Amino acid sequence: MNTTTKVFIIINMLLSLALAYFAMTSFAYSEHWKRRWYQDTKEMADQLNAVKDEIAGHSFNRMQAEQAKARLAADLENAQAEIEQHIQTITTKDKDLAIAASDLRSKENTIKAKEKRIESLEKSLKIARDRAAELNHIAQVSRAVAFQLNVKLAEVEDDLNNAQTANNRLEMTIQDLEQEAKRKDAYLAL
């Protein structure tokens, strides 16, 4: 290969590298602006949607407020009708109260007669309570004696358990001694 061919190859390679560099930078520059354009339009669309949602929310709140106003007006009319009805009920209750007052006077007289009867019953109740107190005292004394007997019984049961435990230990000791004696007898027999 001669020198001119080598020079042309090197120049060709340098030109192709320069062309590749310019192609990459122009592609990157155009992509940057495209990406920026899409991003800005997307943000604007999001802001526009947010404003539309806010307008819809305000109109919905306004509609709800108007409906609430209509309901409150209807409730006010119902309340006024109920007030008139309650006023009529109060007048009838006043009449009933006057009748009840006269009934109360007659019942107070009956109560006074029953209070006298209650006083006599209280006296007999006091006598019965005194008797019950005496019986309670007797029951408490008998409970105390029963408790002492239970304590003594528990002590006796504890002593019995201790004696049985000691007896069991002695039996085991006897069995051990008998076995040891049998071993000694066996040694002596040998």
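None of these values were measured; they are calculated from a predicted model.
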Nearest-0.5 Å distance, [atom1] of residue [X] to [atom2] of residue [Y]:
X      : Y      : atom1 : atom2 : result
Asn109 : Leu104 : CG    : CG    : 10.0 Å
Ser16  : Asn12  : OG    : CG    : 6.0 Å
His137 : Leu135 : NE2   : CG    : 11.5 Å
Ile111 : Glu108 : CD1   : CD    : 6.5 Å
Asn167 : Leu160 : CG    : CG    : 10.5 Å
Gln67  : Gln64  : CD    : CD    : 7.0 Å

Flag the pair [X] / [Y] as yes when at least one side-chain heavy-atom distance between them is below 4.5 Å, and no otherwise.
X      : Y      : answer
Asn2   : Thr5   : yes
Asp130 : Lys126 : yes
Met44  : Thr41  : no
Gln47  : Val51  : no

Shortest non-hydrogen contact from Ala23 toward Ser26: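 So the minimum-distance heavy-atom pair works out to O-OG, 3.0 Å.
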May I ask you to decide whether Lys123 forms a salt bridge with Glu119, counting only side-chain N to carboxylate O separations under 4.0 Å?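 No, this pair does not count.
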Considering only NZ, NE, NH1 and NH2 on the basic side and carboxylate oxygens on the acidic side, decide whether Lys184 and Glu180 come within less than 4.0 Å.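 Looking at Glu180 together with Lys184, the answer is yes, because their closest N to O distance falls below 4.0 Å.
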By the salt bridge (charged side-chain N to carboxylate O under 4.0 Å, His left out) test, which pairs, at least two apart or in different chains, include something from residues 80-106?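 Qualifying pairs, neighbours excluded: none.
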Tell me if a side-chain donor or acceptor on Asn162 pairs with a main-chain N or O of Asp158 at a distance below 3.5 Å.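 Between the backbone of Asp158 and the side chain of Asn162 there is a qualifying donor-acceptor contact (under 3.5 Å).
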Under 6.0 Å from the CE atom of Met172, do we count more than 12 heavy atoms belonging to anything else shown?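 It does not: Met172 CE has 12 such atoms or fewer within range.
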Around atom CD of Glu171, are there more than 12 heavy atoms from other residues, nucleotides or ligands closer than 6.0 Å?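 Counting other residues, nucleotides and ligands, CD of Glu171 exceeds 12 neighbours.
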Give the C-alpha distance, both sets of side-chain angles, the deciding distance and a yes or no for side chain to side chain contact (heavy atoms under 4.5 Å, CB included) between Gln88 and Thr92. CA-CA 6 Å; Gln88 291 175 357; Thr92 57; 5.9 Å; no
Starting from Leu15, can I reach Val7 by hopping between I/L/V/M/F/W/Y residues whose side chains sit under 4.5 Å apart?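 As far as the 4.5 Å side-chain criterion goes, Leu15 and Val7 are connected within one cluster.
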